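A short write-up of the structure that comes next.
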Number of protein chains: 2
Amino acid sequence: MTKKLNSDPVCAVDYAFQRIGGKYKGRIIWYLHTYTVLRYGELKRSIVGITPKMLTQTLRELEEDDLVIRRVYSEVPPKVEYTLTESAKELIPFIDHLREWGDKRMGNYKIICQ
Amino acid sequence: MTKKLNSDPVCAVDYAFQRIGGKYKGRIIWYLHTYTVLRYGELKRSIVGITPKMLTQTLRELEEDDLVIRRVYSEVPPKVEYTLTESAKELIPFIDHLREWGDKRMGNYKIICQ
DNA sequence: CCGTATCCCCGAAGATACTG
DNA sequence: CAGTATCTTCGGGGATACGG
């Protein structure tokens, strides 16, 4: 049983940040947008530095919050695909805007992204 | 001496979320936008549940990241005003739509905000 | 390939008291 | 009024090993 210890949001801004904040959610959503659909292993390789535990945990939270869809194929070897929900897609223009904002200010950090 | 232990961002999305993530930054920026200028005590009363330590700490981080301006008046009693920088104002459309997105999905939680 | 299961650490955040 | 100064807690996240 998963514990959701997010305290009750005090306003919509708070609510939203509780759902897309955290260390990896922004990047996961962004990658799922740019590649449309990604398998678990592909996400694992895309999200630099993430451990399997955190990837699974974060994906489950996103799924529970209706931001990603998890599609399991009953095959051997296993295959699981993740995509964004319509609700999550509504956020894309703004995450994109945020990305450009960040890009302008990053300056020296010129590390490859996507 | 302040420790900035944010690990190096791996991309612009990561960079941006490191700067406006955290428990209170979104709300602080949003309130500073809606009221244009707020004093320390006004922020303290607006950001429900925040302790003085966290408010000061968060404001300092925002200042260091060129997101808020801290204006000190040499008066007795002391008066300190906080405003958003131009850089932070560029984020307002993002936070505003995030707020609307959150508002649509909040459902039951109908707690007063702003 | 796609995860779980454990154990563990550290830093964000809280509580409380005090000050120029 | 606008903060500091300490001490403490807690849970997000890390490391590692294993499993269907």
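Below, read A as the first sequence line, B as the second, and so on, with proteins coming before strands; counting in each chain starts at 1. Just so it is clear, the values below take in all heavy atoms, side chains as well, and ignore hydrogens, waters and symmetry mates. Small disclaimer: the values here were computed from a predicted structure and weren't measured.
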Q: Could you please name the option among D:dG3, C:dA15, D:dA17 that lies closest to any side-chain atom of B:K53?
A: C:dA15
Q. For the residue pair B:F94 and B:F17, does the interplanar ring angle fall in the parallel (under 30°), tilted (30 to 60°) or perpendicular (over 60°) class?
A. perpendicular
Q.
What is the separation between atom CG on A:L38 and atom P on C:dG3, rounded to the nearest whole Å?
A. 13 Å
Q) What is the minimum heavy-atom distance between A:Q18 and A:K25, and which atoms define it? A) O-NZ, 4.1 Å
Q: Can you tell me the distance, in whole Å, between the NZ atom of A:K23 and the C1' atom of C:dG11?
A: 11 Å
Q | B:R60 side chain near D:dT4 phosphate (N/O to OP1/OP2, under 4.0 Å) | A | yes
**Q.** A:E75 CD - C:dC2 P separation (whole Å)
**A.** 10 Å
**Q.** Of the listed nucleotides C:dC7, C:dA15, D:dG3, the one nearest the side chain of B:T51
**A.** C:dA15
Q.
Need to verify one output field. Residue with the more 5' nearest nucleotide on DNA chain D, A:M54 or A:P78?
A. A:M54
Q: May I have the distance from B:I50 (atom CD1) to D:dT4 (atom C1'), rounded to whole angstrom?
A: 15 Å
(Q) Quick one, B:E90 with A:R105, criterion salt bridge (charged side-chain N to carboxylate O under 4.0 Å, His left out). Give me CA distance, side-chain angles, the key distance, then yes/no. (A) CA-CA 12 Å; B:E90 294 176 22; A:R105 279 159 193 75; 3.1 Å; yes
Q.
With a cut-off of less than 4.0 Å, is there a side-chain N or O of B:R39 near OP1 or OP2 of D:dC1?
A. no
Q. Under 30°, 30 to 60°, or over 60°: which ring-plane class applies to A:Y31 and A:Y35, parallel, tilted or perpendicular?
A. parallel
Q) Quick one: is B:Y40 getting a side-chain N or O under 4.0 Å of the D:dT4 phosphate, OP1 or OP2? A) no
Q | Upstream residue (5' side of DNA chain C) when B:P52 and A:K79 are each assigned their closest nucleotide | A | A:K79
Q.
Let's see if you can work this out: which of D:dG3, C:dG3, C:dG14 has an atom nearest to the side-chain heavy atoms of B:Y24?
A. C:dG14
Q | Interatomic distance where CD belongs to A:Q18 and P belongs to C:dA13 [whole Å] | A | 12 Å
(Q) Heavy atoms only, 4.0 Å cut-off, all strands: where does B:Y82 land among base, sugar-phosphate and nothing? (A) sugar-phosphate
Q: Using a cut-off of strictly less than 4.0 Å, decide whether A:K44 has a side-chain nitrogen or oxygen near OP1 or OP2 of C:dC1.
A: no
**Q.** Between P of C:dG3 and CD of A:E61, the distance in whole Å
**A.** 15 Å
Q: Please indicate whether B:R60 has more than 12 foreign heavy atoms, meaning atoms of other residues, nucleotides or ligands, lying under 6.0 Å from its CZ.
A: yes
(Q) Measure CD/A:Q57 against P/C:dT6 and give the value in whole Å, please. (A) 15 Å
Q) Can you check whether B:R70 has a side-chain N or O nearer than 4.0 Å to OP1 or OP2 of D:dG3? A) yes
Q. Which whole-number value in Å describes the distance from B:I47 CD1 to D:dA2 P?
A. 15 Å
